[in-house]
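Got a structure for you, questions after.
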Amino acid sequence: MSSVHIILPDNSIKTFNHEPTILEVAQSIGPRLAKDTLGGQIEGENEISDLRRKLKDGSRLKIITTKDPESLEVIRHSSAHLMAQAVQEIWPDVKVTIGPVIDNGFYYDFDSPRTFSPEDLEKIERKMVELLARNEDVIREDWPIDRAIETFEKMGERFKAEIIRDLAAKGETTVGIYKQGSWFDLCRGPHVQRIGQIKAVKVLSLAGAYWRGDENNAQLQRIYATAFNDKKDLEEYLHNLEEAKKRDHRKLGKDLGLFYFHPFSPGGPFFAPKGAAIYNQLQVFVREKYKKYGYEEVITPQVFDVELFHRSGHYENYRENMYFSRIEEKDFSLKPMNCPGHCLLYQAERKSYRDLPWRVADFGRLHRYERSGVMHGLNRVRTFCQDDAHIFCRMDQLQDEIASFVTMLNEIYHTLGMYNYVIYLSTRPPKRMGSDEVWDRSENALKDALTSLQLPFTINAGDGAFYGPKLDIMFVDALKRPWQLGTLQVDFNLPRAFELSYVGEDNKDHQPVMLHRAILGSLERFIGVYLEHTAGHLPLWLAPQQVSLLTVTDRQLDYGRQLENRFKDAGLRAALDLRSEKLGYKIREAQLQKIPYMVILGDKELESQTVSIRLKNGKTVDSLPIQEFIEKIALESKERRLESVFHAATNSNQEANNSSI
RNA sequence: GCCCAUGUGGCUCAGGGGUAGAGCACACCCUUGGUAAGGGUGAGGUCGUGAGUUCGAGUCUCACCAUGGGCUCCA
């Protein structure tokens, strides 16, 4: 047999007289490295390889040890096995299914006759720790597929047997089995050498799940857990999780007095004056952009004859999410979206090609019945309004309209300081209207626009709306859960359903293309995601209260009232705190309310007719002429700046006490 | 809709079969205090709702409602 060469990252070459495993390569370098080896990264492959894998001649290999972040995948993969082993040692009648690695951890789905309790989770974790101490070797065996099926069937592991049968149907003849002690599981790897290489595990939570993600299948019990290379990392992760919960928008909404929920309207947020201030400022902002980008705003009805939704196709495809009522023997529905109404409005006047593109915006209130288990603060509600607009245009205008939308979206997100959004292109779903030819055209139009604008995107096959493909602009919340904000949907179907037309240059009727688009998405969800993005520290222009005037003693009351009016006259949202509390008390309260500017009014300021300000970062600027201060922050608000104009100009280095924020 | 958990004054939470507690917030009084909590007094709860077990139920059981974490769904 000729020699096999393995190339390491420093371009050094290791030579073997056989195809070595990754572990053997590590051993040839040194025993310490071999001991810490958890897997390998082979150049040109996305996934981490199991350390037992044999390498072909000429492979470029990076050995993964505990020092590499990629090793977490291996650790967690093995931890999933460890958890399954622990569960089955405690409850032998529990059946295993699958246990993949996910962001920040892993889970395992079990089929169990008993329902797990939170105490069980502790029990499982204790068992896992016990098994860690046993430190068994993890051994891989390759079994003929028939033997594997037979073995798992005999054990009553019907889910595993089903997986293996599917592998057999795909033409596999052997499957990998990983053993630790007497316990074993079907797996592709990668796994650790010895169980003791897992240094820190934590069983986190319990959830229901369905076999293969289908709610018609068996309900399984999913246990979430995580694992790290050392205890410090685990503690840091758990700490970050706690910190993230502090910026949960539901908590911020309550603490800052922005919005509330009541059982009498599940999924129906109540915006208090402060929350409504944010809501309205966002609308003002978007309306400005509408003016700039050639949109016209319309107002359309809330309740429609159900006939409208039969025509649009929504009744057939979406009725389980609609609210109905019957009045004078006629069926009506609350609108779940604005588009059918806009189609009616389009038809109200005969359109010429000169009228296109026709861009109509609508802040209409929408109602969608969401299943009871899916509501989530402001992020998933049953009544909301979108920065919704529809663009009716000619086919040859489509590219420009898509490009213009993306430009507008960038502008708006940048003003808000949101740069890390992800674009998904969702293509035709199984349940859809329209011909494949129409779908081809619309999907390609979106792809081409993104490609020509050099915007990266991910394809979500089969996730489009029933009437057309779409772009979804996604953001994550404090716990990194993704939420859709903006959207752009190409629709060739509604214009046909409503027989929309325009007169072309050729004096003949043509059908327009319709674009559905939103940038913030629903204002409710946007506020939820944005509160978490900013941890409640809104930029001045969005802050419900921008200025808090704090008197030191009652001697400054008149001065305070006079100033409050001057701020209000300048269009600023200011309020005077004239209670006979100590200054420190008032500052604390304004600080907790995350009010951008505190204006301190004492005898000194009264005498010199100035103001002293305190920023919410704890820095102060003393003895500022009133007019100068008002003008500066009025401009900051008007220009929608993200940072305070006084950021660099503070003359005190006093640091804020952040411990209670 | 499904699985698990939770629900005690406005908020955050304690109490776990013998008849309701704290802190903050709120009201009033004293205090006029210069950059994150001055002091006192007081009001406020049929313990999510409804049934049941019990001599007696925030406390145990069941159902329902809402919320939280997931699953499924999200035109």
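First the proteins, then the strands, lettered A, B, ... as listed; each starts at 1. Nothing here was measured: the structure is a model prediction, and the numbers come from that model.
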Say you pick atom C1' in B:U12 and the same atom in B:G1; how far apart are they, in whole Å?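 Comparing C1' positions in B:U12 and B:G1 gives a spacing of 33 Å.
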Measure centre to centre between the rings of A:Phe646 and A:Phe629, then say whether the value is under 6.0 Å.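 That pair passes the under 6.0 Å test.
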Quick one: the side chain of A:Arg222 and the base of B:C4, do they pair up donor-acceptor inside 3.5 Å?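 Per atom types, no contact qualifies.
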For A:Arg380 and B:U67, is the shortest distance between a side-chain N/O and OP1 or OP2 below 4.0 Å? no
Glycosidic class, syn or anti, of B:G39 using a 90° window around 0: anti
Would you please confirm or rule out a distance under 4.0 Å between OP1 or OP2 of B:C4 and any side-chain N or O of A:Arg114? no
Look at A:Lys254 and B:U12 and indicate whether a side-chain polar atom (N or O) is within less than 4.0 Å of OP1 or OP2. yes
Using a 90° cut-off around 0 for syn, call B:G58 syn or anti. syn
With a 3.5 Å limit on both atom pairs, tell me what B:A36 is paired to, counting Watson-Crick and G-U wobble, or say none. none
Which pair of heavy atoms, one from A:Tyr559 and one from A:Thr610, lies closest together, and at what distance?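 Of all heavy-atom pairs spanning A:Tyr559 and A:Thr610, the closest is OH-O, 2.8 Å.
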Identified salt bridge (charged side-chain N to carboxylate O under 4.0 Å, His left out) counterpart of A:Asp109 within the set A:Lys95, A:Lys160, A:Arg212, A:Arg222: A:Arg222
A:Trp91 and A:Phe116: aromatic ring centres closer than 6.0 Å? yes
Nucleotide paired to B:U41 in any strand shown, Watson-Crick or G-U, under 3.5 Å: B:A27
Can you check whether any acceptor in the base of B:G1 is under 3.5 Å from a donor in the side chain of A:Glu370, or vice versa? no
Given B:C26, B:U32, B:A36, which nucleotide is nearest the side-chain atoms of A:Tyr585? B:C26
Is it true that the side chains of A:Tyr597 and A:Ser644 contain a donor and an acceptor less than 3.5 Å apart? yes
Applying a 4.0 Å non-hydrogen cut-off, can you work out what A:Arg212 is touching in the nucleic acid: base, sugar-phosphate, or nothing? nothing
Without decimals, in angstroms, what is the distance between A:Leu256 CG and B:A25 P?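 Rounded to whole Å, this separation is 17 Å.
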Tell me whether the OP1 or OP2 atom of B:A36 has a side-chain N or O from A:Arg614 closer than 4.0 Å. yes
Rounded to whole Å, the CH2-P distance (A:Trp483 to B:C73) equals 15 Å
Both distances below 3.5 Å, Watson-Crick or wobble geometry, any strand: find the nucleotide opposite B:G58.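 Across all strands, not a single nucleotide pairs with B:G58.
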Distance criterion of 3.5 Å, no angle test: do you see the side chain of A:Arg371 paired donor-to-acceptor with the base of B:C74?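 No, the side chain and the base share no sub-3.5 Å donor-acceptor pair.
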Only pairs with both distances under 3.5 Å count, Watson-Crick or wobble alike; so what is the partner of B:A22 in this structure?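 Result: B:U12.
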With a 3.5 angstrom cut-off on both distances, give the Watson-Crick or G-U wobble partner of B:A5, or none if there isn't one.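 Answer to the pairing question: B:U67, which forms a Watson-Crick or G-U pair with B:A5.
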Among B:G38, B:G33, B:G69, the nucleotide that comes nearest once only the side chain of A:Arg481 is considered: B:G69
Using the C1' atom as the reference point in each nucleotide, state the distance between B:G16 and B:C29 in Å, no decimals.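 Between the two C1' atoms, the distance is 40 Å.
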Starting at atom NZ of A:Lys586, determine the distance to atom P of B:A25, rounded to an integer number of angstrom. 15 Å
A:Arg588 (side chain) and B:U35 (base): donor-acceptor pair under 3.5 Å: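 Per atom types, no contact qualifies.
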Distance under 6.0 Å and angle within 45° of the ring axis: does A:Arg76 meet both against A:Phe228? yes
Name the nucleic acid region contacted by A:Gly313, choosing base, sugar-phosphate or nothing; use a 4.0 angstrom heavy-atom cut-off, strictly under. nothing
What integer number of Å spans the C1' atoms of B:C24 and B:G38?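 B:C24 and B:G38 have their C1' atoms separated by 16 Å.
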Please determine whether any donor N or O and acceptor N or O are separated by less than 3.5 Å between the side chain of A:Tyr210 and the base of B:G70.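 No, no donor-acceptor pair under 3.5 Å.
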